[in-house]
Amino acid sequence: MTESGIRKKIAATVAAMSATGPILKGNISRGKTGHQITWKGEDQKSKTLYVPDARLEEAQAMTKAYKQAKSLLEKLADLNAQLYKITAK
């Protein structure tokens with residue numbers, strides 16, 4: 001792939017990342033009192049956020065957006081590595 005082709009893909013990936021909207025990290029599960037989102041914090045301790053039924057669809061969209069943003073970030077890192085390799089002197 002050419003340098004200009006990689007740069008175009010990088011620009012497209014960055015644009016896609018900015019279009020993901022609000023994000024929430026974690027997995028949604030059904031708990032005893034309703035739905036909840038759980039994830040590991042920076043301190044590696046489990047965190048829980050309770051989700052009212054009225055906001056379940058919103059929370060699902062936000063966790064999906066997080067997964068999409070994470071995937072796009074991996075793609076961006078790979079593209080930057082390719083660009084770094086072909087522009088090394």
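For this chain, numbers begin at 1 and follow the sequence in order.
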Once you round to the nearest 0.5 Å, how far does [atom1] of [X] lie from [atom2] of [Y]?
| X | Y | atom1 | atom2 | value |
| --- | --- | --- | --- | --- |
| I28 | Q36 | CD1 | CD | 10.5 Å |
| I37 | Q60 | CD1 | CD | 9.0 Å |
| K75 | T13 | NZ | OG1 | 4.0 Å |
| N80 | K85 | CG | NZ | 12.5 Å |
| L83 | D78 | CG | CG | 12.5 Å |

[X] side chain near [Y] side chain, heavy-atom distance below 4.5 Å:
| X | Y | value |
| --- | --- | --- |
| K40 | S46 | yes |
| W39 | L24 | no |
| Q82 | K9 | no |
| K70 | K67 | no |

Is [Y] reachable from [X] through a run of hydrophobic residues whose side-chain heavy atoms are each under 4.5 Å from the next?
| X | Y | value |
| --- | --- | --- |
| L76 | L72 | yes |
| I23 | M17 | no |
| I86 | M1 | yes |
| L73 | I10 | yes |

Closest non-hydrogen atom pair, P22 against A65: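 Shortest heavy-atom separation between P22 and A65 comes out as O-CB, 3.6 Å.
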Heavy-atom closest contact (I6 atom, L79 atom, distance):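 For I6 versus L79, the nearest heavy atoms are CG2-O, 3.5 Å.
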Can any side-chain N or O of T63 pair as donor or acceptor with the backbone N or O of A59 at less than 3.5 Å?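 Checked: pair present.
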More than 12 heavy atoms of other groups within 6.0 Å of K25 NZ: yes
Should the heavy atoms of other residues, nucleotides or ligands under 6.0 Å from NZ of K8 be counted, would the total exceed 12? no
